[in-house]
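Owing to the predicted nature of the structure, the values given are computational and were not obtained by experimental measurement. Letters go in sequence order (proteins before strands), and every chain restarts at 1.
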Amino acid sequence: MGLEQSANSIDPFELSRLYKYLRTADVSDAMQGIGYGGIGLVSPDIRPLWPGIKFWGPALTIRCLPPHRPFWPLETTEEIVRSIGIWNQKVGSTSYADILRPGHVMVTDAGGGPEVGYWGSANGLAVVIDGAVGIVTNGYCRDTAECRLTKLPVCARWHGRASSPGRMVKLETQVRISVGGAQVRPGDIVGCDDDGVIVVPLEVAQEVAIHARAVLLHDMRGRRRLYERGGLTPDATVDCEAVEAYYSQFD
Amino acid sequence: MKSQQSTSSIDPFEVLRLYKYPRVADVSDAMDSIGYFGIGLMSPAIRPLWEGIKFWGVALTLRCVPAHMPMPRLETREESVDPYSVWRELVGAVNLMDDIRPGHVIVTDTGGAREAGKWGSANSLAHVLKGAVGIVTDGYVRDTDECILEKLPICARARTSCLLQSRLELVESQVRIGCGGVQVRPNDIVGCDGDGVIVVPLEVAEEVGMRASLILLKDMRGRRRLYERGDLPPDATVDYEAVESYYSQFE
């Protein structure tokens, strides 16, 4: 198919710049338009944690699994405080510290096991400080009040409480995973706004962005005319000039 | 714990001999007895396709994810009768046929993909003819009338009519997967009967198998006394002499 470039030759961080103003709805329309209807549309029950989360970025993937052994009773308070580290040491873990780059979206396949708030206010804040622009999981998020307070861009299926010991194994990073019925590969473009989460396969991401920009501008102009007819105060969502000016650098 | 051996020194097909008679319920009780509460207990939504399926075997794992691209329109009638060849060409495939040993159970992680009948009457029969004693999937099975006619030992979450293209991609085999809320590793012991599916981590499988056989025998004796009191004709489920004589070889 003519739309497909080899994904190897594309810099996903550079390509993400084409997505700056796009709504997930524009991108969905563009994907539908090239015959990718439904591909990448993450299940609508995976929701942004607070209204106003919006991001686009290349995926960094994490694959987790249910446990293959139970946790064991710990002897001391000090051990209980360190329980996640103790568990990881016993069953193995994987780190993304050397992989994470500014602009990445952390996409987590939680593995479908019992409740584990794998993403919480501390590790979420840590990856955001290191440059992550979004966090997506098909599982749970915990410490949710603090996550909102610190404006962490988390999309999760559920609010949860428990942590990983005896409940989850963090297996590997940067492999193909599945989240909310969509395949996510390292470097695929992942976006979120109040409508939900969408994944754009990297090999069609440029083509999709170009169509989606046109869809957005067409819609902005139409809404601007409605604003004018209705006497509404203009806002950023009808400022087509700003969007056109931004995208002119790529023409 | 004595039961925690390194798995590399264990022959799973040898351990499997301990599982000839136990019911899934006996094995669940035995896992509880070593503190493995809920570990390996696959979601009750994954059900045997017909009444009377019973198997124990060694896991051969298959990992799938949702499709990252659509299937193109097939231009000819010739192509339309073999769409899977076209799809396999586009997204790759994983062949299990050379890996199957008699006694294997094929366990499939479909990655939460939408309705896609990875297992049907033809490929299931082919794998069973190679020696597979069970097929477990967290997804869908199709051609179900024929699967039941051929007595194929399939456990699935749901039935469907459709095939894979545009829906599912096979990623890899013989890796750790998640299926029905539990972790399954190559060589773990997997069993099914009318109660559902259970997975026994290989490193505890010998201990669990021995305990399960004792639990089974105690229950058989109790039920035999009830049969006698109620004047029911004896059947294989109360023939504890046969079970005792089988297990005497392991003492």
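A salt bridge links E169(B) to R176(A): one of the charged nitrogens lies within less than 4.0 Å of a carboxylate oxygen.
Only the side chain of P201(A) comes within contact range of chain B, with heavy atoms under 4.5 Å apart. Interface remark: R167(B) contributes no atoms to any contact with chain A (heavy atom separation under 4.5 Å). For chain B, the nearby part of V169(A) is the side chain; its heavy atoms alone come within less than 4.5 Å.
For the residue pair Y36(A) and M69(B), the shortest heavy atom distance occurs at OH-CB, 3.5 Å. For P70(B) against G35(A), the heavy-atom pair with the smallest separation is CG-O, 3.1 Å. In terms of heavy atoms, P114(A) sits closest to G181(B) at CD-O, 4.4 Å. Of all heavy-atom pairs between Y36(B) and R69(A), the closest is OH-CB, 3.6 Å. When every heavy atom of I39(A) is checked against every heavy atom of S166(B), the shortest pair comes out as CD1-O, 4.2 Å. Between S178(A) and G112(B), the shortest heavy-atom distance links the atoms OG-N, 4.3 Å.
Of the listed residues G35(B), A113(B), C64(B), A67(B), the one with more heavy-atom pairs under 4.5 angstrom with chain A than any other is A67(B). Among S43(B), P66(B), G40(B), the residue making the largest number of heavy-atom pairs under 4.5 Å with chain A is P66(B). In terms of heavy-atom pairs under 4.5 Å with chain B, the best-connected choice from C64(A), P67(A), G166(A), G112(A) is P67(A).
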Practice task
Dump the intermediate steps for side chain to side chain contact (heavy atoms under 4.5 Å, CB included) on Q183(A) and V171(B), then the final yes or no.
Solution key: CA-CA 11 Å; Q183(A) 181 181 152; V171(B) 179; over 6 Å; no
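You'll find the side chain of R63(A) reaches within 4.5 Å of the side chain of V175(B), heavy atoms only.
One distance of note links CD1 of I177(B) with CG of L171(A); it measures 11.5 Å at 0.5 Å rounding.
One N or O on the side chain of Q183(B) and one on the backbone of P66(A) form a donor-acceptor pair closer than 3.5 Å.
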